[in-house]
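Since the structure is predicted, the reported quantities are computational estimates derived from the model, not experimental observations.
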Amino acid sequence: MTKITRFAPSPTGNLHIGGVRTALFNYVYAKQNNGKFLIRIEDTDAERSTREFEENIINGLKVLDIVSDETPIRQSERFNEYQEKTNEIINSGKAYYCECSKDRLDEIRSLQQQQGLKPQYDGKCRDLNLEKSENTVLRLKTPQEGASIFNDLIRGEVIFQNNELDDLILVRSDGSPTYHLCCVIDDRLQDITTVIRGEDHLSNTARQIHIQEAFGYPRLEYAHLPLVLGQNKKRLSKRDSVSSVHDYFDQGYLPTSIINMLARLGWSGGDKEIFSIDDLIKDFRIQEVQKGGAIFEPAKLDWINTNHLAALNFDKFKSKILPFLEKFKIDITSKNNSDDILQAMRTSQSTLFGIASDLRPYFHSIDSYDEKAVKKFLLNSKATLEYVQRKLQAIETWDEPSIDGVLSASQLALDLPIPKLNQPIRIAMTGSTKSPSLGLTLSLFEKDEVIKRISAALKYLSENS
RNA sequence: GUCCCGUUCGUCUAGAGGCCUAGGACACCUGGUUUUCAUCCAGGCAACAGGGGUUCGACUCCCCUACGGGAUGCCA
């Protein structure tokens with residue numbers, strides 16, 4: 001059967017990791033069933049919704065290749081539809097106007113809580129047949145007996161006693177429709193078959209079923225995803241340091257890595273750890289997702305990103321790292337062996353940002369040396385640097401084998417442990433003790449540049465010892 | 001408080017009554033490769049929340065407790 005799913009964010013914050021996962025599972029489920037994936041902007045909260053957030057969300061998903069099969073609709077632009085449906089439900093007698101003030105509502109709630117009861121509207125206006133006025137809200141006449149039962153693809157049968165749910169508000173006193181109303185109407189109007197959303201909506205499902213029944217709409221298929229938790233075991237929220245997926249993009253995580261990580265969070269298809277969205281469409285089963293919340297661990301993302309980065313062919317890698325090089329003002333056209341440098345350095349770190357950062361010494365002059373490295377290796381290495389500089393200077397064919405030859409000959413001649421010889425040179429060239437093998441590292445520079453940097457290190461030594 | 005949902009190594013998970021001496025992955029630790037770093041390879045540490053049942057047998061089924069999360073809005 002063809003499935004139609006939707007991702008229905010409210011644009012009251014940036015697209016965060018949890019939202020991406022919901023969107024992803026909706027997308028994958030639709031694609032597995034020859035269906036459609038839709039994005040619907042639930043911006044009925046005029047106070048908090050912004051176009052900036054809306055763009056952040058849609059663009060973020062686009063980068064991840066999660067694209068709506070139809071132009072996303074905005075609930076704030078569909079008030080006519082809701083109005084029409086609202087009239088329908090009023091005429092059917094399944095909703096009523098309520099004039100209770102917020103103060104009274106607050107009062108009964110705290111009273112109920114004191115008595116150990118579930119706080120809920122007491123139905124004072126339910127049978128008063130009030131007319132609409134400035135201060136009235138429209139409430140649904142929720143069945144007071146019986147239970148609402150639905151089958152959740154992940155959890156199985158879920159039961160809510162109807163007396164646990166109060167008469168929820170469908171239309172606010174300012175005339176605007178609420179989330180629950182719009183959601184049910186749009187799901188119907190868009191022929192949604194399957195609702196995949198966060199666990200925080202579990203009790204909303206019972207409420208929405210009541211609205212569906214008031215309208216005579218058919219039941220939908222539901223799957224409530226466990227929440228993505230932060231290190232504190234609480235759900236990831238906007239308060240967490242890294243909340244927007246865009247932050248992950250900026251740090252140089254590949255979109256494919258983020259998808260991989262999120263899918264693996266709460267689901268596993270055997271022992272396979274590294275996979276693409278196409279693999280997911282092939283292997284993912286919504287029924288297999290874990291029921292408990294999952295803590296998101298950044299270290300695993302690093303490892304996944306390392307793998308996805310390694311799987312890129314060179315041209316692809318190059319195009320991916322380009323924007324990050326720009327951040328460090330690295331111009332790869334400034335050198336004719338840029339590709340060799342990139343190739344040598346592409347595994348240096350687990351993110352594109354990190355790699356780009358490590359690339360700096362190969363394109364810019366060094367402005368400082370790593371302090372620890374200086375103390376451990378550079379100090380007292382004057383004679384070594386001078387000797388090797390002289391030997392390197394004498395090389396006629398500047399390539400890796402010749403350089404390696406000079407380095408090992410020097411090591412023999414000076415009778416030094418290898419690090420004592422190599423590290424000072426490495427520091428002179430890159431500012432730190434980390435780089436590819438020294439012969440390769442040196443061959444990535446022009447001979448003159450190597451001589452110059454060793455001179456600079458010697459100058460530094462004479463000034464600092 | 002009340003209702004709902006959940007609970008296997010630090011983390012993500014495998015496990016659908018005997019295949020479990022509980023498997024894999026990340027992280028961590030130890031070696032090896034690499035002249036450093038990263039990569040790679042080998043090995044190691046480490047979990048069924050607790051208590052009752054049911055059963056010849058329970059990580060797997062049932063109940064209770066504990067703990068965690070969610071909901072309880074004229075937010076979505």
Side-chain angles (χ1 to χ4, degrees), chain A residues 8-13 42-45 47-49 75 98 100-102 105-106 109 112-120 135-139 152 154-155 158-161 163-166 168-174 176 178-180 182-183 197-207 224 226-227 229 231 233-235 261 264-274 290-304 306 310 345-350 355 358 373 377 404 407-408 411 417-423 426-427 430 432-439 441:
Chain A
S10 71
T12 55
E42 307 218 318
D43 55 351
T44 49
D45 182 353
E47 296 272 304
R48 298 191 301 149
S49 298
Q75 291 188 324
C98 164
C100 293
S101 68
K102 287 177 190 174
L105 261 24
D106 289 343
R109 262 195 283 265
Q112 285 162 332
Q113 219 164 96
Q114 277 171 31
Q115 296 170 347
L117 298 170
K118 191 180 178 79
Q120 50 181 218
N135 295 315
T136 52
V137 298
L138 187 71
R139 285 184 186 270
D152 188 285
I154 296 171
R155 284 151 219 282
V158 179
I159 304 174
F160 280 91
Q161 295 303 319
N163 61 22
E164 291 294 333
L165 275 4
D166 61 2
L168 81 180
I169 294 173
L170 301 174
V171 181
R172 301 183 186 94
S173 48
D174 68 0
S176 64
T178 61
Y179 156 70
H180 289 290
C182 301
C183 179
R197 70 216 317 193
E199 191 182 32
D200 48 335
H201 284 284
L202 208 45
S203 58
N204 288 341
T205 297
R207 292 176 215 286
H224 288 90
L227 267 18
L229 276 20
Q231 232 78 18
K233 291 205 83 178
K234 300 236 184 276
R235 68 186 284 196
M261 186 235 105
R264 195 62 187 67
L265 203 60
W267 174 80
S268 89
D271 289 341
K272 194 168 171 179
E273 296 282 349
I274 302 300
Q290 200 80 6
K291 296 189 192 77
I295 296 172
F296 160 59
E297 182 126 39
K300 183 112 181 193
L301 212 210
D302 283 342
W303 177 79
I304 289 173
T306 300
M345 292 294 292
R346 64 177 288 185
T347 61
S348 80
Q349 294 224 25
S350 58
I355 297 167
D358 282 358
F377 293 106
D404 278 336
L407 290 174
S408 45
Q411 194 239 324
I418 288 161
K420 289 265 184 202
L421 176 87
N422 283 2
Q423 295 301 49
R426 211 184 302 270
I427 296 164
T430 69
S432 84
T433 54
K434 300 171 184 175
S435 89
S437 76
L438 192 56
T441 304

**Request:** Tell me what Pro417(A) touches on the nucleic acid: a base, only sugar-phosphate, or nothing, going by heavy atoms under 4.0 Å.
**Result:** nothing
**Listed partners of Ser437(A) passing side chain to side chain contact (heavy atoms under 4.5 Å, CB included), at least two apart** = Glu400(A), Leu440(A)
**Message:** If the condition is side chain to side chain donor-acceptor pair (under 3.5 Å), which residues does Lys300(A) pass it with, not counting sequence neighbours?
**Reply:** Glu273(A)
**Message:** Suppose we screen for side chain to side chain donor-acceptor pair (under 3.5 Å). Which residues come up paired with Asp404(A), at least two apart in sequence or across chains?
**Reply:** none
**Request:** Could you measure between the two C1' atoms, the one in C48(B) and the one in A58(B), and give it in whole Å?
**Result:** 11 Å
**Distance, P atom - from C37(B) to G43(B), rounded to whole angstrom** = 22 Å
**Request:** Check Ala294(A) against Gly266(A) and note the closest heavy-atom contact, atom names and distance.
**Result:** CB-N, 4.5 Å
For nucleotides 10-12 of chain B, list the nitrogen or oxygen atoms of the protein found under 3.5 Å from its nitrogen or oxygen atoms, one pair per line.
from: U11(B); atom 1: O4'; to: Glu297(A); atom 2: OE1; distance (Å): 3.1
from: U11(B); atom 1: O2'; to: Glu297(A); atom 2: OE1; distance (Å): 3.1
from: C12(B); atom 1: OP1; to: Ile295(A); atom 2: N; distance (Å): 2.9
from: C12(B); atom 1: O3'; to: Gly266(A); atom 2: N; distance (Å): 3.4
from: C12(B); atom 1: O2'; to: Arg264(A); atom 2: O; distance (Å): 2.8

**Request:** Write down the distance separating the P atoms in C40(B) and G50(B), rounded off to the nearest Å.
**Result:** 36 Å
**Asked** Under the side chain to side chain contact (heavy atoms under 4.5 Å, CB included) test, which residues partner Ile169(A), sequence neighbours left out?
**Response** Val137(A), Arg139(A), Thr178(A)
**Message:** As a test of reading the structure: which of A14(B), U2(B), C26(B) is closest to the side chain of Ala299(A), going by heavy atoms?
**Reply:** C26(B)
**Message:** With rounding to the closest Å, how many angstrom separate the C1' atoms on G1(B) and U8(B)?
**Reply:** 32 Å
**Prompt:** Taking the same atom, C1', in C12(B) and in A38(B), what whole-Å distance lies between them?
**Reply:** 24 Å
**Asked** Quick one: the side chain of Asn204(A) and the base of A76(B), do they pair up donor-acceptor inside 3.5 Å?
**Response** yes
Detail all sub-3.5 Å separations between protein N/O atoms and N/O atoms belonging to nucleotides 39-42 of chain B.
none

**Prompt:** Contact class for Asp166(A) (heavy atom, under 4.0 Å): base, sugar-phosphate, or nothing?
**Reply:** nothing
**Item:** Distance, C1' atom - from C45(B) to A22(B), rounded to whole angstrom
**Value:** 16 Å
**Message:** With heavy-atom distances below 4.5 Å as the criterion, would you say the side chains of Asp358(A) and Lys434(A) are in contact?
**Reply:** no
**Message:** Base, sugar-phosphate or nothing for His201(A)? Non-hydrogen atoms, less than 4.0 Å.
**Reply:** base
**Prompt:** If we take the C1' atom in both U21(B) and C9(B), what is their distance in whole Å?
**Reply:** 16 Å
**Request:** Look at the side chain of Arg155(A) and the backbone N and O of His224(A), then say whether any donor-acceptor pair between them is shorter than 3.5 Å.
**Result:** yes
**Whole-Å P distance, G23(B) and G44(B)** = 11 Å
**Asked** Under 3.5 Å, is there a donor-acceptor pair linking the side chains of Gln112(A) and Arg109(A)?
**Response** no
**Request:** Examine the side chains of Arg48(A) and Ser10(A) and answer whether a donor and an acceptor come within less than 3.5 Å of each other.
**Result:** no
**Asked** Would you say C37(B) has OP1 or OP2 under 4.0 Å from some side-chain N or O of Ser432(A)?
**Response** no
